Chemist: 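Just passing along the structure, written as structure tokens.
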Amino acid sequence: MAEDATVGGGRIAVTPPPSRTADRDRAGRIRESYGRWARIYDWFARATASVGGVRSSCVDALGLAPGDTVVEFGCGPGANLPVLREAVGPGGRVVGVDITGPMLRRARGLVARRGWENVSLARGDATWPPVAAADGVLATFVTSLFPDAYDVVGRWCDRADRVVVANFVPRGHRAANAALWGFARVNARLFDAAQGDVLAQLAARTDASRDALDARMDTVETTRHVFGTIEINAGLRES
């Protein structure tokens with residue numbers, strides 16, 4: 001059954017993904033892991049919102065204008081919503097999509113407290129984009145969850161002429177790599193990385209998401225942040 005997200009009087013259809021066993025298993029892992037840690041993740045995301053200028057750089061890279069519509073896949077508890085709403089202004093539209101109920105409840109609480117009438121949230125699977133079109137698409141630290149990151153980001157490119165993806169880059173900084181390795185091992189089931197080199201897997205998925213932008217967009221700009229451990233790739237299709 002499709003769910004509709006209402007934003008500023010308009011409606012964006014949110015359609016469930018095709019029924020696929022692998023997708024259901026992955027979705028279940030994400031809901032379980034992020035649902036369990038929603039409160040802590042919410043606190044952490046807000047506490048680190050300005051670290052390294054990552055979130056503001058992502059929004060700047062989208063090049064949004066007042067009145068635009070932007071969709072964030074994997075919006076979590078809503079850490080990016082304030083800067084996205086500021087970028088599109090009160091006449092624009094912000095749609096947050098997440099697969100995890102507890103995360104969305106926290107994001108909805110934020111929207112309600114701020115009284116944002118042009119921000120809506122919908123439960124959906126980012127791997128099969130549940131929106132038809134937007135001016136921009138943002139995803140921060142999401143594609144590392146997808147074994148088919150190239151295909152997923154390619155589908156996002158079908159929905160918008162501007163797609164910005166932020167990912168971990170487990171290369172070159174020993175301390176950061178150690179912390180990232182520890183996080184990934186603790187959450188091995190979430191990342192589907194019970195065996196093998198988890199950092200190599202994360203790097204491969206980051207590379208795949210960038211390759212998808214290279215293949216589908218006219219230009220891709222890459223910037224590095226936080227000692228080079230976070231990469232922002234901004235794809236633009238010329239109109």
Side-chain angles (χ1 to χ4, degrees), residues 34 41 44-64 70-84 86-87 96 126 135-157 160-187 190-193 196-238:
Y34 279 111
Y41 186 88
F44 180 79
R46 298 185 196 287
T48 60
S50 62
V51 172
V54 174
R55 297 184 189 280
S56 59
S57 294
C58 285
V59 176
D60 289 345
L62 279 167
L64 296 168
V70 60
V71 176
E72 182 183 8
F73 290 128
C75 68
N80 292 326
L81 297 180
V83 284
L84 288 172
E86 182 178 356
D135 295 298
V137 164
L138 173 64
T140 58
F141 314 112
V142 174
T143 61
S144 57
L145 302 174
F146 307 142
D148 55 345
Y150 182 95
D151 292 335
V152 172
V153 175
R155 288 190 283 269
W156 296 348
C157 293
D161 290 334
R162 286 167 281 173
V163 177
V164 173
V165 179
N167 283 316
F168 294 112
V169 184
R171 307 184 187 99
H173 194 279
R174 184 172 299 177
N177 280 357
L180 183 56
W181 182 89
F183 172 76
R185 295 313 307 176
V186 169
N187 294 278
L190 171 64
F191 290 104
D192 190 27
D197 185 341
V198 64
L199 293 184
Q201 175 176 294
L202 291 177
R205 293 179 181 182
T206 293
D207 291 344
S209 67
R210 183 177 59 248
D211 290 345
L213 293 176
D214 285 334
R216 302 295 296 275
M217 296 303 202
D218 294 319
T219 62
V220 179
E221 292 189 2
T222 299
T223 58
R224 296 283 180 86
H225 303 260
V226 192
F227 306 109
T229 60
I230 294 173
E231 181 177 285
I232 298 175
N233 291 295
L236 172 65
R237 182 182 297 110
E238 303 291 348

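Computed from a predicted structure; not experimentally measured.
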Chemist: Quick one: does Val70's side chain get under 4.5 Å of Val59's, heavy atoms only?
Modeler: no

Chemist: What heavy-atom pair brings Val54 and His225 nearest, and what distance separates the two atoms?
Modeler: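 Minimum heavy-atom contact is CG2-CB, 3.9 Å.
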
Chemist: With rounding to the nearest 0.5 angstrom, report the CG to CG distance, Leu202 to Asp207.
Modeler: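 Going from CG on Leu202 over to CG on Asp207, the span is 11.0 Å.
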
Chemist: What residues form a side chain to side chain donor-acceptor pair (under 3.5 Å) with Asp135, not counting sequence neighbours?
Modeler: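 Checked Asp135 against side chain to side chain donor-acceptor pair (under 3.5 Å); zero matches.
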
Chemist: Arg224: which residues meet the side chain to side chain donor-acceptor pair (under 3.5 Å) condition with it, sequence neighbours left out?
Modeler: Glu231

Chemist: Just jot down the side chain to side chain donor-acceptor pair (under 3.5 Å) partners of Asp151, sequence neighbours excluded, or say none.
Modeler: none

Chemist: Got a sec, which pairs hit side-chain hydrogen bond (donor to acceptor under 3.5 Å, both in side chains) with one end in residues 211-221, sequence neighbours left out?
Modeler: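 Qualifying pairs, neighbours excluded: Asp158-Arg216.
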
Chemist: Provide the closest heavy-atom pair for Ala79 versus Pro82 in the form atom of the first, atom of the second, distance.
Modeler: O-CD, 3.5 Å

Chemist: Do Ser144 and Gln201 have side chains that get closer than 4.5 Å, going by heavy atoms?
Modeler: no

Chemist: Measure the spacing between SG of Cys58 and CG of Asn233 and express it to the nearest 0.5 Å.
Modeler: 9.5 Å

Chemist: Would you name the heavy atoms of Tyr150 and Ala208 that are closest together and state the gap between them?
Modeler: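 So the minimum-distance heavy-atom pair works out to CD1-O, 3.5 Å.
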
Chemist: Output, in order, the C-alpha distance, side-chain angles, deciding distance and verdict of side-chain contact (heavy atoms from CB on, under 4.5 Å) for Arg162 and Leu236.
Modeler: CA-CA 5 Å; Arg162 286 167 281 173; Leu236 172 65; 3.5 Å; yes

Chemist: Identify the heavy atoms of Ala166 and Ile232 that sit nearest to each other, and give their distance.
Modeler: CB-CG1, 4.1 Å

Chemist: Start with the C-alpha distance between Trp156 and Val71, add both sets of side-chain angles, then the distance that settles side-chain contact (heavy atoms from CB on, under 4.5 Å), and finish with yes or no.
Modeler: CA-CA 10 Å; Trp156 296 348; Val71 176; over 6 Å; no

Chemist: Looking only at heavy atoms, what is the nearest atom pair of Ser209 and Asn167, with distance?
Modeler: OG-ND2, 2.9 Å

Chemist: Closest approach of Met217 and Cys157, non-hydrogen atoms and distance?
Modeler: CE-SG, 3.9 Å

Chemist: For the atom pair CD1 (Ile230) and CZ (Phe168), what is the distance rounded to the nearest 0.5 Å?
Modeler: 6.0 Å

Chemist: Using side chain to side chain donor-acceptor pair (under 3.5 Å) as the criterion, list what pairs up with Thr206, not counting sequence neighbours.
Modeler: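 In terms of side chain to side chain donor-acceptor pair (under 3.5 Å), with neighbours along the sequence ignored, Thr206 is linked to no residue.
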
Chemist: Check whether the side chains of Thr140 and Asn80 place a donor and an acceptor atom closer than 3.5 Å, and report yes or no.
Modeler: yes

Chemist: Please walk me through it: do Thr143 and Val152 pass side-chain contact (heavy atoms from CB on, under 4.5 Å)?
Modeler: CA-CA 8 Å; Thr143 61; Val152 172; 5.6 Å; no

Chemist: Decide side-chain contact (heavy atoms from CB on, under 4.5 Å) for Val137 and Arg155; before the verdict, give the C-alpha distance in whole Å, the side-chain angles of both, and the deciding distance to 0.1 Å.
Modeler: CA-CA 11 Å; Val137 164; Arg155 288 190 283 269; over 6 Å; no

